[in-house]
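Presented below is the structure to which this report refers.
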Number of protein chains: 2
Amino acid sequence: MTPPPLPVTLADVARLAGVSKMTVSNVLNERPGMSPDTRRRVQAAIEESGYVVNTAARMLTGRRMNLIGVIAPRYSVPYVTELIQGASAAAEAAGMSMAVFTTSQNAVLERERGALLRTLADGVLLIMPTAGSGQMFENVVPVVTTGAEGAYSVQGDNEQGGRLAAQHLLSLGHRRIAHIRGADAPADHAGEMRARERGFLEVLHAAGIDVPAAYLPGSNSQEDGGEQAARALLSLPEPPSAIFAANDVAAFGTLRMAAALGLRVPHDLSVLGFDDVTASALTTPALTTIRQPLQSMGAAAVQMLLELGSGSVPAVAHRIFETTLIVRQSTAPPSS
Amino acid sequence: MTPPPLPVTLADVARLAGVSKMTVSNVLNERPGMSPDTRRRVQAAIEESGYVVNTAARMLTGRRMNLIGVIAPRYSVPYVTELIQGASAAAEAAGMSMAVFTTSQNAVLERERGALLRTLADGVLLIMPTAGSGQMFENVVPVVTTGAEGAYSVQGDNEQGGRLAAQHLLSLGHRRIAHIRGADAPADHAGEMRARERGFLEVLHAAGIDVPAAYLPGSNSQEDGGEQAARALLSLPEPPSAIFAANDVAAFGTLRMAAALGLRVPHDLSVLGFDDVTASALTTPALTTIRQPLQSMGAAAVQMLLELGSGSVPAVAHRIFETTLIVRQSTAPPSS
DNA sequence: CTGAAAGCGCTAACAA
DNA sequence: TTGTTAGCGCTTTCAG
């Protein structure tokens, strides 16, 4: 009644079935060419003994585990969650498992985890990696990153997204337009933040709109960062009529602050985000935002890994994804 | 300049350092009693060769990987994300890595993944497991579940939470109170949903409040489920003045529907959620909700696993966590 | 303090 | 169609 207390090995099963270990192995691996009778007998012995393969032993012979390894900074960031979902779906569709690890501050853990994936995984996806973190996998297992780091990557077209944002606000008639900039820390993927800003300002400048420095506060990419930046903007002598936040989370903070100050969005203030994470559809008013196809990006990353794993070279090493404007309820023509 | 193309083994390092394999192994495992000189020499050889342990070989000797394995249904559910965050923090604090797998529909993948964790992990956390999914780990590696399944678990006190919900709405003066029930599918942890409902109705009945069947629509626990249930409720001849949703996601849907119908929350309608996921603080108005300490629950689960792993028996096999009322802006006394 | 031998459980390669 | 022989890379004895 109780499960076997001691590990059952392949040899045990072989003995039980009265065959050799190899025969059992062949059954386990569904190899062809074997009498149906033997197969049945072995299968019965497996059931009866409650045998489960020892993954370590199997790995030792060089096999990989049908596994995509993912290393991400933390789970709390919606951006990360969406990417992972897309990757997960693609892995599953390809018949592979996916294991997600979060970056730890502990160097020993980092190495252990890396050593594990190095031998275990068929491919490793690095989400928002810090420089050099893919090193230990090189030449051992394929690696794809998000953002600009590394030999193979998937990324959103941030500059184009910034342009879209500016165009949308301009077309609504806004002229006093502010931008809450993303944080400068590399861990907050500063490069992508700068690209968004670049595209945004480029279009505004081309339209002859001047953006004073006071209209470009920074945020730590957290909700409270967005709140504080919004507070600063909205207490200016001449506050903006529209705010483009560098990401949705900062936009959430902006919505909160606007409400706290008694401003009605979008009537008194337009708010525009970036990313289109799931929560963006939940806010009231629902957030107008520049969508990065995060799920598709995660899926594409996995597909690149599979390609690399099968020995072929992906057509493009860096896949850039177009962004699109998602109009919801947080933007409107200026009322004043 | 390029990393070693072929796997460097312990033997290679030993040769390079002019010592035996065992000596290298001792250095790697930081075992005491060894001349500092030898240690240094070995360490240099490790660096130089770019050696990384082969995890498979190490595992084969029976060692575990300082790893907590987590199996969860999908990443999209905020409830899951929060639990994972708490678990992750606790694992990290204990010097362990954490790997998260999502449940797949594919039986082969399931087994492979289970086989992996069986030999790899020092403990396995099952989030919202389906019956029997912990079976293959039994007697091999400790298992803790969320919800009622299994020998060891962490869970929120759902019934008490339901009572809190009722008490809050009653104390505000509501009498026409509806409840959007959680789905009946086991995968939606129906048991916990029923407990919430039970506690809720118990208090209302004790207060002499009758809840007509029309005030108890079901929802599929997704946002649109919440929307539809709310629409039904709000188009009743005598609509409720307050709605208690079985979880925050359904409450989000309710907020959306209320806005769509031109109702102002909380002035025209009070909305109360359950869980207190991160997004609940983001909605406008911010959601009043019954908080389950999901992060603490995740952390506690990991601590139980570590205890079980160290051979001791946890004082309580099933840890129940109190819920608390978090008052934000979506509830107020009825206006009519 | 360091080394040599044996074996963990499995599979690849070859025999029978 | 099935069995035999090696050996994957590491660690655990036990000697030196």
Side-chain angles (χ1 to χ4, degrees), chain A residues 4 6-43 45-46 49-66 111-112 114-120 140-141, chain B residues 4 6-43 45-46 49-66 111-112 114-120 140-141:
Chain A
L6 279 187
V8 182
T9 73
L10 222 180
D12 297 328
V13 176
R15 206 173 312 118
L16 218 163
V19 297
S20 79
K21 294 199 296 174
M22 256 338 278
T23 304
V24 180
S25 175
N26 287 335
V27 171
L28 283 173
N29 293 285
E30 293 172 335
R31 273 188 261 271
M34 166 175 319
S35 85
D37 179 61
T38 312
R39 183 187 301 279
R40 242 190 315 276
R41 208 142 36 87
V42 170
Q43 238 139 19
I46 291 175
S49 60
Y51 170 78
V52 177
V53 291
N54 181 321
T55 303
R58 183 174 270 181
M59 275 164 61
L60 191 52
T61 70
R63 255 205 199 198
R64 303 218 160 232
M65 289 305 301
N66 275 340
R111 279 196 78 76
E112 279 191 1
L116 185 65
L117 286 181
R118 224 174 97 108
T119 44
L120 206 64
V140 180
V141 54
Chain B
L6 278 188
V8 182
T9 74
L10 225 182
D12 298 328
V13 177
R15 205 172 314 118
L16 219 164
V19 297
S20 80
K21 293 199 298 175
M22 258 335 284
T23 304
V24 179
S25 174
N26 287 335
V27 171
L28 283 173
N29 293 284
E30 292 172 335
R31 274 188 260 269
M34 167 178 315
S35 83
D37 180 60
T38 311
R39 180 187 303 280
R40 240 190 315 277
R41 207 142 37 87
V42 171
Q43 237 137 19
I46 291 175
S49 61
Y51 171 76
V52 177
V53 292
N54 180 321
T55 304
R58 182 174 272 182
M59 274 164 61
L60 190 53
T61 69
R63 260 168 85 138
R64 302 218 160 233
M65 288 306 300
N66 273 339
R111 280 196 77 76
E112 280 190 0
L116 185 65
L117 286 182
R118 223 174 98 106
T119 44
L120 207 67
V140 181
V141 54

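Below, chain A is the first sequence line, B the second, and so on; all start at residue 1. What you see below is based on every heavy atom in this structure, not just the backbone, and it leaves out hydrogens, waters and symmetry mates.
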Practice prompt. Give the B/S/- string for nucleotides 5-16 of chain D, one per nucleotide from 5' to 3', where a protein heavy atom under 4.0 Å of the base yields B, of only the sugar-phosphate yields S, and otherwise -.
Written response: ---BBBBB----
Discussion item. Below 4.0 Å from chain B heavy atoms, what is the first contacting nucleotide of DNA chain C and what is the last?
Written reply: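 Reading along DNA chain C, I get C:dC1 to C:dG9.
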Fill in: Flag if over 12 foreign heavy atoms under 6.0 Å of CZ, B:R31
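Above 12, so yes.
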Discussion item. A side-chain contact here means heavy atoms from C-beta on lying under 4.5 Å apart; do B:D12 and B:S49 qualify?
Written reply: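 They are not in contact (no side-chain heavy atoms under 4.5 Å apart), so the answer is no.
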Smallest separation among heavy atoms of [X] and [Y], with atom names:
X      : Y     : answer
A:A17  : A:V42 : CB-CA, 4.1 Å
A:L117 : A:R64 : O-NH1, 4.0 Å
A:R41  : A:G18 : NH1-O, 4.3 Å

Worksheet item: So among A:L10, A:N29, A:I46, A:L28, which one has a side-chain contact (heavy atoms from CB on, under 4.5 Å) with A:V53?
Response: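 Result for side-chain contact (heavy atoms from CB on, under 4.5 Å) with A:V53: A:L28.
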Worksheet item: How long is the span from the CG atom in B:L116 to the CG atom in A:N54, to the nearest 0.5 Å?
Response: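 Here the interatomic distance stands at 10.5 Å.
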